[in-house]
Amino acid sequence: VCVGAGQCVLTAPEVFDQDEDDGRVVLLDDRPEGERAESARRAVGLCPSHALSVVP
Amino acid sequence: MIGLDGAEHAANRRPVLSEFTVKRVRAMRPRIQTIVDEHIDAMLAAGSPADLVTSLSLPVPSLVICELLGVPYADHEFFQSCTAELLSFSTTGGGRADAMNRMLAYMDRLCAAKEADPGDDLLGRVITKQRTAGDGTDDHEHLVGLAVILLVAGHETTANVISLGTAALLNDPALAAPLRSGTGSTPALVEELVRYFSITGAVTSRAATEDTTIGGTPIRAGEGVVALVPAANHDPDAFDSPDRIDPERGSRHHLGFGYGVHQCLGQNLARLELEIVFDTLFRRIPTLRLDAPLDTLPFKDDAAIYGLNELPVAW
C-alpha cells in the first residue's frame, strides 16, 4: 500500500525510514514512546495511502 | 502514471520510488546548492534588473531534473516550450496533441539511446532494474511515458512556486525578514507557500469508478469530480484565516501535493529545491525587490498549473 511519498520519514524520522532498494516504508521503532509516539501518530495521519496504523 | 489506477499505477510508480526517498533527495543538496549559487552568480554578473523566471525559477528545477533523469539540459528550450503549450488553456486540442507528440518523439529517441547504453542516471537505472527483475526485455513505451511525466512535473511546478513565493516574499517585508536574517524555519515557510498557492488547481480531477457519496452528495459511476486543491487548502475549517500566509501555522496537512496513492512522487525534491532557493536568494541578495507593482505581474491565469510568466526584480 505504501506509495513512497516519504511523509512519515519527514514527520517522524526516528520511527520511520524508507527502504534503499524499493523506497517503501521501514519501521525503525515499533514501540515509540513519548514525543516519538506523538510524531508517529502525526505521520500516520499524514500518510497519503493509509499504509500506516497505530496498534493500541 | 496520472491516468492509471490500482495495480497498473503501482507497477509504474514502483520502479522510481527509491529515486525520490527523503534520504536520496537529501544527498542531492550540495549539487542543488551549487546550481542555485551559479545561477545567482550569473544574475548578479548580468546586473539589475532581471527577470527571475528566466534567471532562476525555470533553470534551477529544469537543470536538477535533467541531471537526475539523464536528459541533456541543452534541450531545455525545447521541453520548456512544449510544457508551456501542453498546460496553456489557449492551446487548441490539436496544438496540445502536437506538443505531446513532439515531446514523445524526443523521449522516444532519448530512451532508445539509453536502452542501447544505460548509464548511471534515473532512466538508465530503471532500464537496468527492469532487465534484472523482468524477463530481460525493455518496456520502451512505459519508459518514454515515465520520462515525459517526470520531466514535465519536475520542472514546471517547482519553477512556479519559486516565482510566486518570491513575489509574495518581496511584497511583504515581514514575511521575508526571517530569510534575510537567517532565522526562522524555511521548511515551514515552503510548506505554507505550497498550501497558499496550490498551483495544481484542478489537475486532480477524477472520474468515479463506482457509485459513491462524498460529503452527502451522491456521485454515480462515470461522473466527473473536480477535487479543487485551492478550495481544500483554503478551507477555514482546516486552516485559520486561510488567505493569510503564515509559516507558523503548521500546514503540513495541506493538499498541495495531492492526496492518496497519486500524491506527488517528487514532493521531497520540490521541498528541498524551494528551501535552498529561498534561503540562498534572500541571503545573497538582501536588497532584492519587485521591479513592477504586484498586481501588474503576468500571472498564468490561462494555464493548468498556476504561476508567473515573468517576475521583474531589481536590487
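All chains are named by letter (A, B, ...) in the order of the sequence lines, taking the proteins before the strands, and each is independently numbered beginning at 1.
Under the 4.5 Å side-chain criterion, counting only non-hydrogen atoms from C-beta, B/Thr21 is not in contact with A/Val9. Inter-residue side-chain proximity for A/Arg24 and B/Arg14 is flagged as met; some heavy-atom pair is nearer than 4.5 Å. Taking 4.5 Å as the limit, some side-chain heavy atom of B/Val261 sits within range of a side-chain heavy atom of A/Ser49.
Comparing B/Ser18, B/Gly258, B/Pro187 by how many heavy-atom pairs each has under 4.5 Å with chain A, the most go to B/Ser18.
Note that the NZ atom of B/Lys129 and the CG atom of A/Asp22 stand 7.5 Å from one another [nearest 0.5 Å].
Checking side-chain atoms of A/Gln18 against main-chain N and O of B/Lys23 turns up no donor-acceptor pair under 3.5 Å.
Around atom CZ of B/Arg206, more than 12 heavy atoms belonging to other residues, nucleotides or ligands sit under 6.0 Å away. Residue A/Leu27 places its CG atom among more than 12 non-hydrogen atoms of other residues, nucleotides or ligands, all under 6.0 Å distant. For A/Glu14, the CD atom counts as densely surrounded, since its 6.0 Å shell holds more than 12 non-hydrogen atoms of other residues, nucleotides or ligands.
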- Item | A/Leu10/B/Arg271 under side-chain contact (heavy atoms from CB on, under 4.5 Å): CA gap, chis, key distance, verdict | CA-CA 11 Å; A/Leu10 217 55; B/Arg271 284 185 172 104; 3.4 Å; yes

- Tell me, with the steps shown, if B/Arg252 and A/Gln7 meet side-chain hydrogen bond (donor to acceptor under 3.5 Å, both in side chains). CA-CA 9 Å; B/Arg252 274 288 309 283; A/Gln7 296 273 17; 2.5 Å; yes

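Contacts between A/Asp17 and chain B at a heavy-atom distance below 4.5 Å involve the side chain alone, from C-beta outward. When heavy atoms are compared at a cutoff of 4.5 Å, B/Arg125 does not approach chain A at all.
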